[in-house]
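Notes follow once the structure below has been shown.
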Amino acid sequence: MSRTLSTTTQQPQQKDKDARALAAMLAAYSVSATFWLLFATGVGILLAFKFGAPDFGAGPWLTFGRLRPIHTNATFYGWASIALVGLANYVAARSSRTPMYSVKLAWSGLVLFNLAAAIGTIALGLGHNDGNLEYREWPWPIRLVFLAALVVTAWNLIGTVARRSTDDIYLSNWYTIGGVLWTCIVALVAILPWYQYGLGQVSVSGYYMHNAVGMWFTPLALGIFYYALPRLLSRPIYSYALGVFAFWTNLVFYPIIGAHHFLFSPLPWWLQTTAIVFSVAMLVPVWGGSANFLLTMRGRVRDLTHSYPLMFILVGVIGYLVGSTQGTVEAFRSLQEVWHLTNFTVGHSHLTMYGFVTFAIWGGVYALLPLATGKEPGRLGLMLHFWMAVVGSFIYVISLSIGGTIQGLDWKNGLPFIQSVVDMQEYYVWRGVGGALMFLSHIVFAWNVWRMTYGRAARVAPIAALPAGEAAA
Ligand code: HEM
Ligand code: HEM
């Protein structure tokens with residue numbers, strides 16, 4: 001009798017402890033990622049204004065060559081990676097209706113991710129750069145620390161899903177575990193020394209760059225959509241089978257398209273053509289996945305207009321659909337002739353990494369963090385964040401898309417290079433204006449995150465105990 005009593009009182013206590021551990025983990029990942037967002041986009045603003053005032057910020061620390069990789073690496077590996085991993089850990093536990101496999105591993109991952117981002121930033125600031133290898137400019141020992149963080153994360157996610165109390169592995173976990181495992185391979189290939197010279201290096205660079213975005217950020221962001229959308233709408237995802245189909249086609253087509261970054265280079269012509277063909281094939285998972293999300297939202301316009309988390313997710317889905325379709329079009333040789341190396345590509349990078357990945361993270365954080373901590377941000381904060389980020393990124397992407405096209409046509413028509421600089425001037429100013437709005441929205445986001453975690457909440461939300469009723473997941 002006394003044994004039965006102690007188990008029944010212990011069980012809710014244990015569940016409560018697990019739920020608190022999960023909430024603390026998600027809060028710490030979110031706060032830490034937000035710090036990197038503020039830092040990295042502060043640097044982004046500085047970079048943007050350097051186009052108009054190149055002499056601003058003299059001295060080696062503030063040169064464009066040092067600040068640019070600091071911005072790209074800190075947004076990729078500080079902001080997006082840390083935020084996505086926090087959400088992936090949370091989703092794995094909740095959708096598998098089990099506690100995290102190891103709370104300690106989750107915290108170790110956070111420490112390692114932060115360590116890599118901090119030392120990487122300092123190294124780049126001091127001028128220690130691994131060269132022309134885009135998105136892997138951190139000296140290689142630092143990239144090993146990032147790899148260690150990935151391995152720890154993969155271990156924990158697999159462990160959590162293996163302990164699930166559900167029959168199936170929920171779709172989100174296919175995407176996140178697939179993404180983490182693939183990225184361990186990609187990160188390793190990027191470090192191995194015997195590919196790092198000549199044409200092999202070019203090929204590996206394309207492979208690395210595109211798999212970083214396609215097999216890391218993309219699947220983790222899609223994993224958030226598959227979990228948060230059903231939760232917010234209290235209805236299941238439109239088609240589970242379509243989600244699985246999109247997963248496998250993504251896995252088959254994405255790894256082969258990296259060479260489209262190096263069209264017209266000395267890489268074999270057949271390799272470039274293969275990359276173009278599979279860039280077109282990417283329409284299958286992109287349109288399949290986007291249709292699945294949009295059909296899940298069908299007929300729920302009222303919910304959408306009343307819920308900022310849903311609005312963030314809707315923008316993220318549109319960013320995924322439009323940005324990736326734009327990527328397919330961009331891969332054709334006839335259009336690469338105009339757009340390659342122009343600011344049009346920078347517009348594409350931000351349409352995807354910002355309009356898709358960053359909005360997906362925001363949707364996920366606003367949907368899930370209040371469930372974990374029981375604290376909600378105020379509606380004014382949500383509104384300001386949403387509209388400033390939407391309007392700012394719209395101005396950013398549109399100005400660079402138009403300006404980049406003019407720039408490319410100037411080059412193609414053989415005009416003096418300086419003419420393209422003059423023609424770009426006003427578009428650079430508009431990019432700065434859009435960027436300033438985006439940055440302001442990040443300050444509001446930081447305030448909202450604070451209120452959802454350690455600060456005083458605007459509203460109290462119900463804490464969902466673990467592993468109680470997962471709506472539609
Ligand atoms: C799936 C369909 C996609 C295709 C076919 C595609 C295609 C392309 C192409 C052809 C370029 C090279 C442009 C050039 O150098 O002239 C490019 C660049 C880029 N794409 Fe995509 N893209 C796709 C989706 C995405 C997504 C979802 C993301 C982000 C999550 C992304 C992020 C980037 C970035 C950051 C660059 C700039 C790379 C650099 O610095 O050179 N793309 N993309
Ligand atoms: C306030 C917001 C932001 C501003 C003002 C900004 C500004 C900039 C600037 C000026 C560049 C250099 C472009 C060039 O070399 O011509 C750049 C590059 C880049 N930024 Fe941002 N950025 C912002 C947010 C972000 C975020 C949140 C991400 C990722 C999650 C991101 C990812 C990138 C990437 C991938 C590139 C390289 C683009 C390429 O080579 O095609 N940025 N950004």
Side-chain angles (χ1 to χ4, degrees), residues 36-38 40-51 64-65 67-69 71-81 83-84 134-135 205-206 209-210 212-222 250 253-254 257-265 275-276 278-287 289 319-333 335-361 388-389 392-393 396 400 404 408 424 428 431-443:
W36 285 109
L37 176 71
L38 282 177
T41 55
V43 174
I45 284 287
L46 200 59
L47 281 173
F49 282 102
K50 265 181 171 282
F51 282 82
F64 189 83
L67 290 180
R68 189 185 194 276
H71 168 70
T72 51
N73 285 277
T75 47
F76 269 31
Y77 307 121
W79 157 240
S81 300
L84 287 168
E134 209 177 3
Y135 310 138
S205 238
M209 270 200 290
H210 221 93
V213 296
M215 302 305 288
W216 176 230
F217 301 118
T218 298
L220 268 79
L222 296 180
N250 194 74
F253 301 151
Y254 229 128
I257 67 178
H260 67 207
H261 291 266
F262 296 105
L263 298 185
F264 304 113
S265 73
I276 298 171
F278 281 94
S279 300
V280 176
M282 274 307 296
L283 291 177
V284 175
V286 168
W287 287 4
Y320 176 55
L321 175 64
V322 177
S324 301
T325 306
Q326 179 195 53
T328 295
V329 173
E330 215 177 328
F332 290 120
R333 284 198 178 94
L335 290 162
Q336 274 284 295
E337 274 182 17
V338 178
W339 284 330
H340 189 46
L341 302 178
T342 67
N343 277 268
F344 186 91
T345 306
V346 182
H348 167 72
S349 308
H350 288 81
L351 175 55
T352 48
M353 281 305 297
Y354 199 91
F356 159 41
V357 175
T358 298
F359 272 84
I361 295 171
M388 284 198 293
S393 51
Y396 188 120
L400 287 192
M424 271 305 290
Y428 284 141
R431 186 258 299 273
V433 172
L437 272 177
M438 287 150 78
F439 184 68
L440 283 177
S441 86
H442 303 164
I443 297 177

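In each ligand, atom 1 is the first atom listed, and ligand 1 is the first ligand listed.
Ring planes of F64 and F51: perpendicular class, angle over 60° (limits at 30 and 60°). The aromatic rings of H210 and H260 stand perpendicular to each other, their planes meeting at an angle above 60°, with 30° marking the opposite boundary. Using the six-membered ring where Trp is involved, Y320 and F356 have ring planes that are tilted, between 30° and 60° apart.
With a 4.0 Å cut-off on non-hydrogen atoms, T72 touches ligand 2 through its side chain and not its backbone. Heavy atoms of V357 found under 4.0 angstrom from ligand 2: none, in either backbone or side chain. Contacts between V346 and ligand 2 below 4.0 angstrom, taking non-hydrogen atoms only, involve backbone and side chain alike. Residue E134 touches ligand 1 through its side chain alone, judged by heavy-atom distances below 4.0 Å. At a 4.0 Å heavy-atom cut-off, ligand 1 does not touch F344 at all. Looking at A80 against ligand 2, nothing comes within 4.0 Å, counting heavy atoms. Residue contacts with ligand 2 for H348 are absent, since no atom lies close enough (heavy atoms, distance under 4.0 Å). Under 4.0 Å from ligand 1, heavy atoms of H340 appear from its side chain as well as its backbone. Residue Y135 touches ligand 1 through its side chain alone, judged by heavy-atom distances below 4.0 Å.
Between Y354 and ligand 2, no N or O atom pair is found at a separation short of 3.5 Å. Here's the thing with T75: none of its N/O atoms is less than 3.5 angstrom from an N/O atom of ligand 2. Residue S324 places no N or O, backbone or side chain, under 3.5 Å from any N or O of ligand 1.
No side-chain heavy atom of T75 sits under 4.5 Å from any side-chain heavy atom of W36.
Contact detail for N343 and L400: the closest heavy-atom pair is O-CB, 3.6 Å. Contact detail for V213 and T218: the closest heavy-atom pair is O-OG1, 2.7 Å.
Distance from atom 7 (C) of ligand 2 to its nearest protein heavy atom, with residue and atom name: Y396 OH, 3.3 Å. Protein heavy atom at the shortest distance from atom 12 (C) of ligand 2 is R68 NE, 4.0 Å. Closest to atom 8 (C) of ligand 1 among all protein heavy atoms lies H260 NE2, 3.4 Å. Among all non-hydrogen protein atoms, the one lying nearest atom 25 (C) of ligand 1 is Y254 OH, 3.6 Å. The protein heavy atom nearest to atom 1 (C) of ligand 2 is G435 O, 3.4 Å. Nearest protein heavy-atom neighbour of atom 16 (O) of ligand 2: F51 CZ, 3.4 Å. Looking at atom 6 (C) of ligand 1, its nearest protein heavy atom turns out to be G327 CA, 3.3 Å. Of the protein's heavy atoms, T352 OG1, 3.4 Å lies nearest to atom 32 (C) of ligand 1. In this structure, atom 13 (C) of ligand 1 lies nearest to the protein heavy atom E330 OE2, 3.4 Å.
Using a 4.0 Å cut-off to heavy atoms of F76, the atoms of ligand 2 that qualify are 35 (C). Close approach of ligand 1 to M353 is summarised as follows: ligand atoms under 4.0 Å from at least one heavy atom of the residue are 29 (C), 30 (C). Distances below 4.0 Å separate heavy atoms of T218 from the following atoms of ligand 1: 27 (C), 30 (C). Annotation for ligand 1: atoms under 4.0 Å from non-hydrogen atoms of A331 are 10 (C). Within ligand 1, counting atoms from 1 as listed, the ones closer than 4.0 Å to a heavy atom of T328 are 4 (C), 5 (C). Interface of F64 with ligand 2, defined as ligand atoms under 4.0 Å from a residue heavy atom, comprises 15 (O). Close approach of ligand 2 to S349 (heavy-atom distance below 4.0 Å) involves ligand atoms 38 (C), 39 (C), 41 (O). Ligand-side atoms of ligand 2 in range of N343: 16 (O), range being under 4.0 angstrom from any heavy atom. Heavy-atom proximity to L47, at under 4.0 Å, picks out these atoms of ligand 2: 10 (C).
Checked by atom type, the side-chain pair S81/W216 shows a donor-acceptor distance below 3.5 Å.
You'll find the ring centres of Y77 and Y135 outside the 6.0 Å limit.
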key: CA sep, side-chain torsions, deciding dist, call: W79, T41, side chain to side chain donor-acceptor pair (under 3.5 Å)   = CA-CA 10 Å; W79 157 240; T41 55; over 6 Å; no

inquiry  = One pair to check against ring pair (Phe, Tyr, Trp, His ring centres under 6.0 Å): Y396 and Y354. What are the steps and the verdict?
reply    = CA-CA 10 Å; Y396 188 120; Y354 199 91; 7.7 Å; no

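One option in R431, M438, M209, K50 has a heavy atom closer to atom 2 (C) of ligand 2 than any other, and that option is M438.
Using a 4.0 Å heavy-atom cutoff, Q326 is absent from the residues neighbouring ligand 1.
With atom 21 (Fe) of ligand 2 at the apex, H71 NE2 and H350 NE2 define an angle of roughly 180° (rounded to 10 degrees).
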